[in-house]
Structure formats: C-alpha cells, structure tokens
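This report refers to the structure that appears directly beneath it.
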2 protein chains.
Amino acid sequence: MILEEIQKSHRHLTASEVYDLVRERLPNISLGTVYRNLEVLSDLGLIRRLDLGDTKRRYDFTTEKHYHIRCVKCGRVEDIDIENLDSLCPKGDGDRGWRIIDHNLEVLGICPECNHNANSNKQNKEETHV
Amino acid sequence: MILEEIQKSHRHLTASEVYDLVRERLPNISLGTVYRNLEVLSDLGLIRRLDLGDTKRRYDFTTEKHYHIRCVKCGRVEDIDIENLDSLCPKGDGDRGWRIIDHNLEVLGICPECNHNANSNKQNKEETHV
DNA sequence: ATAATAATGATTACGATTATCATTTTAATT
DNA sequence: AATTAAAATGATAATCGTAATCATTATTAT
C-alpha cells in the first residue's frame, strides 16, 4: 500500500506525507513501519530516495535518473527536464582515486504559487503605503 | 575567528568542526554563536552554505560557484572540476512559471581512503576464508 | 556617563530519522 | 491442524543537527 500510494500520488512525497496517505487505508500503521518500508522499497529499486538539499528526504515514484527543481519557499519538488549529465561527471576511478557512483542535480527556484503570493504581498504593501 | 578558521582550513567544514577549531582559540565560545555567525557569514557572501544530500550542512571557504563530490562512506566533501552548468538550467521564469535561483550538482562516490579500507577488508575476509 | 542596541553563552526545543523491544503476524515443518 | 522459527509491526524512546529562547555581557551612540 505504501508503494501504491507513492506511485498513485505522482509526487515527491516525504515520509510523513506517505504516512498520512497510507493511514487513510491502514489507520493503525505506525510511522516506523512507513520508514522501514520506504527503505526496503528504495533498496529494491521500486522507488527512489531523494536526498536533496532540504531537511526532509523525499521518495520518487520514478526510478529512472532525472533531476529536480525545489522551491526554496515552500519545499515543493518537481521533475525538471534537463539532459542526463553522466557524460560530464568523471567515471569509475576517474577523479583522484575516487570511485564514482552517482550524481544529483538540484535546481532551486520559487514555484509559481509562491511567486504569486510574493507578488500579491508586495502589492498589498504598496497599497498600504499610499 | 570563525571566518579565519574556515578559510584557513581549506576544507568543507560542518558547524561542529568549526566549533572545535574555534574553541581552540576561544574556549568559551558556544555552539549557538558558531551557528549564528555561520549564518551571518554566508548571508554576507563571505562563505558558502552547502546543503548537499547528507544530513549535515557544510560551509565552503570558496564562494564562487563550483561543484562537489561526497564520499558516501565517510562523508568527506571535496571540490570537483566540472564545468559550470548555468547554460543547462532554465533561466529566470523559464520553467513552467518557476523563477530559477540557483542549482547544485553533487557527485557521489567512494573516496580513496574508504576505497582502500574496503579493499583491505575484502582481502582480510578472503584470507580468513582460506 | 548613560542609554539603546546587539551579541553571547547556556540551555531548551524542534523536527526528521533511527533504534529498541515486546507483541503480532507470517511462513515452514511436523 | 499444531508447533515452531523467523520476520514484521506498533509503540515508544533515542539521536543528531539545527533553531529558538532568554538572561547576561559587550558594544555603540548620545
């Protein structure tokens, strides 16, 4: 059910978001069980752990390599269409004896909603100053 | 002194590493003061906050845009020489109404030391199996 | 010298994640 | 079916990095 909810949501859920969704179907499930199974599912490659620059880990229904954009205001994460960068990253034991495993690219920005809120706040502020 | 230690170290220090270094000169400084001043220094652009994929934030003596490689075993972070990716990332309000601010690229790997340890462990294990 | 402002140290609070552990569930074996 | 072993679960506590609080001290301006 944890897997189903993640795949159904088509979003990049945090553990507690998954917890809330699954609890609608399994009201007694504990947060620990959610964490444990998120771990299992990502180890199995059925979902993908996203350790991006913010504090909470997210889980991606898509397991293929791709990149993300994160809103620095509200934390929302979405996919972003940027070409695969494998060719730019050193391979194998390329870089000063490091064995390269993977890479992550995260774009930071402000999402349309937060942008809109910022603009209306600005306008309100100007109005009150008239 | 916090700034000095970060610049002197030429590493990518965590808050508690900075704390330990600074405490050698100011034994009574508190961790809170370190955190507060790390915040101030990065707001001033004198150091750069690194919010990479691991749990602890790091602070970079270099403020120019560049990328990092992190060891998934020991957490060590070093600079990595990859060309600037600004041209790949959408600009301004480019992507579905998002206002783009920045981007981070983090390469993951195993550092030479951890590689070496893994190899000697492997060797030990094989020897015990003889 | 005095008052206002800011910074500090000490401590607590917080939020995400992990660990523990007794209990329950599942699977395997008789 | 009954019995046993193994695994998963819920409840809870522990951990760890960071942020917030607050009384005290230091700095600055008047």
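Convention: sequence-line order gives letters A, B, ...; per-chain numbering from 1. Values below: all heavy atoms of this structure, side chains included; hydrogens, waters and symmetry mates excluded.
Put simply, CD1 on B/Ile29 is 14 Å from P on C/dA7, counting in whole angstrom units. In this structure, CD of B/Glu17 is placed 11 Å from P of D/dT18, rounded to the nearest angstrom. Nucleotide C/dT11 holds its C1' atom 16 Å from the CG atom of B/Asn28, rounded to whole Å. Atom CG of A/Asp54 is separated from atom C1' of C/dC14 by 16 Å (rounded to the nearest Å). The nearest whole Å value for the distance from the CG atom in B/Asn37 to the P atom in D/dT18 is 15 Å.
Not a single ring-ring contact (aromatic ring centres under 6.0 Å, His included) links B/Tyr19 to another residue, sequence neighbours left out. Here A/His66 pairs with A/Asp60, A/His68, A/Asp79 under the side-chain hydrogen bond (donor to acceptor under 3.5 Å, both in side chains) rule; sequence neighbours left out. Among residues two or more places apart in sequence or in another chain, the side-chain hydrogen bond (donor to acceptor under 3.5 Å, both in side chains) test is passed with B/Arg58 by none. With sequence neighbours excluded, no residue satisfies salt bridge (Lys or Arg N to Asp or Glu O under 4.0 Å) with A/Lys56. Residues satisfying the side-chain contact (heavy atoms from CB on, under 4.5 Å) criterion with B/Cys114, sequence neighbours excluded, are B/Cys71, B/Lys73, B/Cys74, B/Ile110, B/Cys111.
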Reading nucleotides 15-20 of chain C from 5' to 3' and marking B where a protein heavy atom lies under 4.0 Å of the base, S where only the sugar-phosphate is that close, and - otherwise, the string is -SBB-B
Item to complete: Dump the intermediate steps for side-chain contact (heavy atoms from CB on, under 4.5 Å) on B/Arg76 and B/Glu78, then the final yes or no.
Response: CA-CA 7 Å; B/Arg76 174 196 313 258; B/Glu78 292 183 6; 3.6 Å; yes
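Between the axis at the start and the axis at the end of the helix from C/dA1-D/dT30 to C/dT30-D/dA1 there is an angle of 20°, using five pairs per end and rounding to 10 degrees.
Between B/Thr33 and the phosphate of C/dT8, there is no side-chain N or O to OP1/OP2 separation shorter than 4.0 Å.
Here A/Val77 is tied into one hydrophobic group with A/Leu50, A/Leu52, each link being a pair of ILVMFWY side chains closer than 4.5 Å.
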Counting only pairs under 3.5 Å, give me each side-chain donor-acceptor contact of residues 32-41 of chain B, with atom names and distances, residues two or more places apart or in other chains.
residue, atom, partner, partner atom, Å
B/Thr33, OG1, B/Ser30, OG, 3.2
B/Thr33, OG1, B/Arg36, NH2, 3.1
B/Asn37, ND2, B/Thr33, O, 2.8
B/Glu39, OE1, B/Arg49, NH1, 3.4
B/Glu39, OE2, B/Arg49, NH1, 2.4

